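As structure tokens, the structure follows; a few thoughts come after it.
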Amino acid sequence: MTVPESTYRVQLRPEFPFSDAAGLAGYLRDLGIGALYASPVLDAAPGSTHGYDVVDPTRARPALGGESARAELSALLKELGLGLVVDIVPNHMSVEVPKANRFWWDVLKHGRDSEYAAFFDVDWDRGPILLPVLGDDDAVGELTVEGDELGYYDHRFPLAPGTEAGTPQEVHERQHYRLVGWRRGNAELTYRRFFDITTLAAVRVEDPKVFAETHGEVLRWVADGDVTGLRVDHPDGLADPGGYFRRLRENAPGAWIVAEKILHPGEPLPQSWPVDGTTGYDALREIAGVFIDPAGEPGYTELANELGVKTGYHRVEAEARRLVTDRILVAEVRRIAALLRDVGTEDARQAVAETMVAFPVYRSYLPEGAANWAAAIDGARRARPDLGEALDALDAQVRAEPDGELATRIQQTSGMVVAKGTEDTTFYRYTRFAALNEVGGNPDRFGLGVEEFHRLAAEREAGHPAAMTTLTTHDTKRSEDTRARMAVLAEVPGEFADAVRRWTARRGIDEPSLNLLAWQTLLATWPIEPARLRDYLDKAAKESKLRTSWTDHDEAFEADVAAWPEDVMADAELAPDIEAFAARITGPGYMNSLGQKLVQLTAPGVPDVYQGTELWDFSLVDPDNRRPVDYAARREILARIIDGELPGIDASGAAKLLVVHKALRLRREHPALFRGYRPLRAEGAAAEHCLAFTRSADLAVAVTRLPVGLEAAGGWRDTVLPLADGVWTDVLTGREAGSRPELAALFDRYPVALLVRGDA
């Protein structure tokens with residue numbers, strides 16, 4: 001199996017095609033990377049900036065350079081000794097431009113008689129496919145004049161065979177689809193989609209023929225050695241994730257395979273999945289959490305309550321999930337409820353909805369994960385005791401037929417409810433302390449203790465040593481450095497609360513949760529361009545669905561939010577106050593950034609570096625995190641570091657690139673050092689501010705945590721780090737240390753150390 005020492009995520013797009021990725025290959029080799037990790041490379045919807053909207057899985061995307069450019073990139077990576085990991089999207093395809101997707105076009109044209117009718121999860125028993133593409137809310141699919149030569153149908157959609165000479169009414173009746181107003185999609189859609197995105201139609205890869213058609217090209221690249229690893233997007237949407245991974249493994253036995261599976265704290269990866277691990281959100285939660293001071297929780301809870309931000313996390317989450325089941329995924333819930341036998345329509349709908357609201361994890365994988373299914377049923381019973389009979393019937397039918405359509409569909413959909421309700425709604429409503437509001441995060445758990453971190457890291461080494469680890473992805477709510485600086489705020493709750501009171505009184509946002517989120521975000525990204533912050537706050541306001549949303553706008557509120565960044569930054573009283581506060585947390589934020597990065601790069605798992613984050617990167621949620629990266633600046637800094645420069649910790653971010661380069665080169669050139677895991681414990685007055693561990697007997701890692709509290713207590717003082725006998729060398733600085741180094745000396749240049757014993 002080809003397990004990379006590390007990966008580097010690159011977001012391909014028409015403006016950054018295969019040839020540009022090839023231009024990075026030498027830099028990535030010099031940086032110390034083991035494999036280039038590419039966003040989806042199959043043909044995508046016209047103009048796509050991310051590639052997750054695949055339209056043709058049988059060819060490399062022409063807008064990226066097509067097959068010839070893909071082959072050239074693969075050949076260059078092989079020549080340089082680098083692997084290639086490709087992101088694949090088995091759950092859905094784009095149907096936004098029907099003619100761009102020949103499979104969907106054929107289904108629309110021929111209906112059930114299409115050779116691709118089994119490709120998509122269509123509810124054929126409900127009549128023609130409903131396409132919610134019209135702007136008029138009251139539209140009912142009348143024939144539309146769009147300039148086509150026939151003059152009585154929408155030219156974006158095909159005619160059924162034999163209708164060319166028919167009357168308008170005959171044409172209408174023979175079509176296998178109906179055009180309807182876009183608002184009807186949530187409630188009446190007749191095909192399964194990706195979350196609430198009607199332009200992404202679900203694909204039935206559980207059908208062996210569909211799997212072969214949609215995976216044949218990528219698997220050819222794997223067989224040829226061009227692709228060494230696969231990242232699988234959103235497996236929870238599949239009918240049978242375990243079966244899918246088993247088929248994928250059979251067809252790609254030597255590939256490194258990681259699943260974008262979001263694990264709840266304490267939830268294991270299904271044992272039956274033949275994958276190397278997750279894409280690392282569990283590691284992100286643990287690594288970021290250990291740099292957050294749990295002592296800050298009472299202060300933030302008090303501030304949130306004072307401002308009117310709800311602090312009952314599970315209640316907020318339940319409300320948000322229920323909004324999803326009752327208003328957004330209505331069609332999906334109704335389709336599932338119709339499968340429940342011997343229960344009235346409305347009781348069945350409510351029973352299904354309440355069960356998904358109560359899921360403790362994203363989904364169960366019956367018969368695996370039966371305890372999670374039982375917990376969901378129990379939670380629904382507690383919330384709605386009046387639905388007892390309906391829930392009993394649901395439970396009985398699902399347990400009796402774990403492979404049946406009812407069990408399959410409710411499991412496919414529960415993950416959508418959790419993701420939309422928790423990640424995309426709750427995380428923008430429950431803004432008590434936003435550094436915790438991350439994909440795979442647990443916002444009601446304020447930080448992670450050192451001993452728990454050690455336990456979880458040891459478990460990863462024992463169970464999934466080849467799992468990916470990450471701190472930033474294209475899906476994270478904020479980048480690692482934004483999160484690291486925000487974590488400093490946990491150490492200064494009183495000072496932050498006083499500042500927010502002052503600032504809100506002068507120019508607050510008239511929605512409490514967004515107001516609190518905005519001040520945290522402004523400090524964590526200062527000095528951010530007003531336009532970037534404006535776009536972020538607009539998205540946050542709409543995702544929270546409190547005062548406005550993507551579909552139901554409060555124009556006056558949106559205008560006020562849009563004006564907020566420039567108003568604040570132009571205020572002669574506010575701006576200097578904010579700038580001074582940001583300056584006080586910037587240095588400790590840098591220390592957190594270096595600490596969490598070195599931990600991620602050296603702890604168990606395969607570390608991924610998201611594009612550009614080898615320097616400071618204060619990005620927010622997409623599309624902010626897909627901005628172009630200045631690789632010329634990074635090459636120049638790397639060249640100086642390779643020549644021996646030890647940069648200071650400043651706004652350039654060069655110190656972070658030093659840490660990334662030194663750790664990755666050591667990992668790639670001496671992989672045997674990165675085996676095993678044992679906690680190291682500092683001794684002395686400030687021991688709690690050191691997180692340390694060994695991998696092999698000859699490699700030790702030590703980093704600083706909670707730097708504000710450390711300084712306030714008087715620094716490291718007599719604290720030492722007991723090591724095994726021998727001479728240790730800090731790979732970052734080249735300096736030697738004994739077997740009992742004083743942390744004040746070890747950390748006098750950088751707040752982190754990467755130590756190798758002897759001549760190892």
Side-chain angles (χ1 to χ4, degrees), residues 121-127 130 132 180 183-193 195-196 198 202 236-237 239 312 314-367 369-422 425-426 545:
D121 192 355
V122 178
D123 190 353
W124 293 107
D125 293 336
R126 292 180 57 195
L130 294 187
V180 300
R183 288 185 181 272
R184 294 176 61 183
N186 285 345
E188 302 178 38
L189 206 67
T190 53
Y191 58 90
R192 190 166 60 83
R193 54 189 166 166
F195 293 171
D196 59 343
T198 56
D236 276 349
H314 295 291
R315 179 173 294 180
V316 174
E317 184 180 48
E319 290 174 353
R321 291 186 184 184
R322 195 165 287 110
L323 180 149
V324 172
T325 61
D326 293 355
R327 291 175 51 187
I328 297 176
L329 299 180
V330 178
E332 287 77 3
V333 172
R334 287 176 175 170
R335 186 175 183 183
I336 295 167
L339 300 170
L340 181 54
R341 296 188 292 268
D342 303 323
V343 176
T345 301
E346 182 57 19
D347 280 357
R349 186 198 67 79
Q350 293 189 39
V352 168
E354 287 297 333
T355 300
M356 291 193 290
V357 167
F359 252 86
V361 294
Y362 274 65
R363 67 168 282 175
S364 55
Y365 306 91
L366 298 173
N372 290 322
W373 170 256
I377 289 290
D378 289 345
R381 285 193 179 108
R382 288 192 299 273
R384 292 291 304 276
D386 58 308
L387 293 174
E389 291 185 7
L391 290 166
D392 288 345
L394 176 63
D395 188 30
Q397 187 173 331
V398 166
R399 288 180 183 276
E401 304 168 18
D403 297 321
E405 187 178 1
L406 174 64
T408 296
R409 291 197 180 281
I410 199 168
Q411 290 178 96
Q412 281 180 295
T413 309
S414 68
M416 295 160 60
V417 171
V418 174
K420 288 299 298 178
T422 300
T425 306
T426 303
K545 309 168 190 68

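As the structure is a computational prediction, the values presented were derived from the model and not from experiment.
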So, taking the atom named [atom1] in [X] and the one named [atom2] in [Y], what distance separates them when rounded to the nearest 0.5 Å?
{"X": "T426", "Y": "R315", "atom1": "OG1", "atom2": "CZ", "answer": "13.5 Å"}
{"X": "D326", "Y": "E354", "atom1": "CG", "atom2": "CD", "answer": "8.0 Å"}
{"X": "D347", "Y": "D386", "atom1": "CG", "atom2": "CG", "answer": "8.0 Å"}
{"X": "N372", "Y": "Y365", "atom1": "CG", "atom2": "OH", "answer": "9.0 Å"}
{"X": "L387", "Y": "L394", "atom1": "CG", "atom2": "CG", "answer": "10.5 Å"}
{"X": "I336", "Y": "E405", "atom1": "CD1", "atom2": "CD", "answer": "9.5 Å"}

Do the side chain of [X] and the main chain of [Y] share a donor and acceptor less than 3.5 angstrom apart?
{"X": "T425", "Y": "K420", "result": "yes"}
{"X": "T355", "Y": "I377", "result": "no"}
{"X": "Y191", "Y": "T198", "result": "yes"}
{"X": "R192", "Y": "G237", "result": "yes"}
{"X": "Q411", "Y": "A407", "result": "yes"}
{"X": "E188", "Y": "P132", "result": "no"}
{"X": "R126", "Y": "T190", "result": "no"}

Do [X] and [Y] have side chains that get closer than 4.5 Å, going by heavy atoms?
{"X": "V418", "Y": "R363", "value": "no"}
{"X": "R327", "Y": "N186", "value": "no"}
{"X": "L189", "Y": "D123", "value": "no"}
{"X": "F359", "Y": "V417", "value": "no"}

- prompt: Are any of the side-chain nitrogens in D121 or R335 under 4.0 Å away from the carboxylate oxygens of its partner?
  reply: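 The answer is yes: the pair qualifies as a salt bridge.
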message: Whether E332 and R409 form a salt bridge (side-chain N of Lys/Arg under 4.0 Å from carboxylate O of Asp/Glu) is what I want to check.
response: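 Salt bridge absent between R409 and E332.
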- prompt: Which residue, T325, I410, V324, forms the side-chain contact (heavy atoms from CB on, under 4.5 Å) with V333?
  reply: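 The passing option is T325.
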message: By the definition side-chain contact (heavy atoms from CB on, under 4.5 Å), identify the one residue from D378, D395, V361 that meets it with W373.
response: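 The residue from D378, D395, V361 that satisfies side-chain contact (heavy atoms from CB on, under 4.5 Å) with W373 turns out to be D395.
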task: May I have the step-by-step check of side-chain contact (heavy atoms from CB on, under 4.5 Å) for E389 and V343, ending in yes or no?
output: CA-CA 8 Å; E389 291 185 7; V343 176; over 6 Å; no
field: Derivation of the side-chain contact (heavy atoms from CB on, under 4.5 Å) call for M356 and L329
entry: CA-CA 11 Å; M356 291 193 290; L329 299 180; over 6 Å; no
Locate the shortest heavy-atom distance separating [X] from [Y]; write the atom from each residue and the value.
{"X": "A376", "Y": "P360", "result": "N-CD, 4.2 Å"}
{"X": "A390", "Y": "A351", "result": "CB-CB, 3.8 Å"}
{"X": "A380", "Y": "A358", "result": "N-CB, 3.6 Å"}
{"X": "G421", "Y": "A320", "result": "O-CB, 3.2 Å"}

message: Take a 6.0 Å sphere around CD of E401 and say whether it holds more than 12 heavy atoms from other residues, nucleotides or ligands.
response: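 Enclosed.
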field: CA sep, side-chain torsions, deciding dist, call: E317, R321, salt bridge (Lys or Arg N to Asp or Glu O under 4.0 Å)
entry: CA-CA 6 Å; E317 184 180 48; R321 291 186 184 184; 3.2 Å; yes
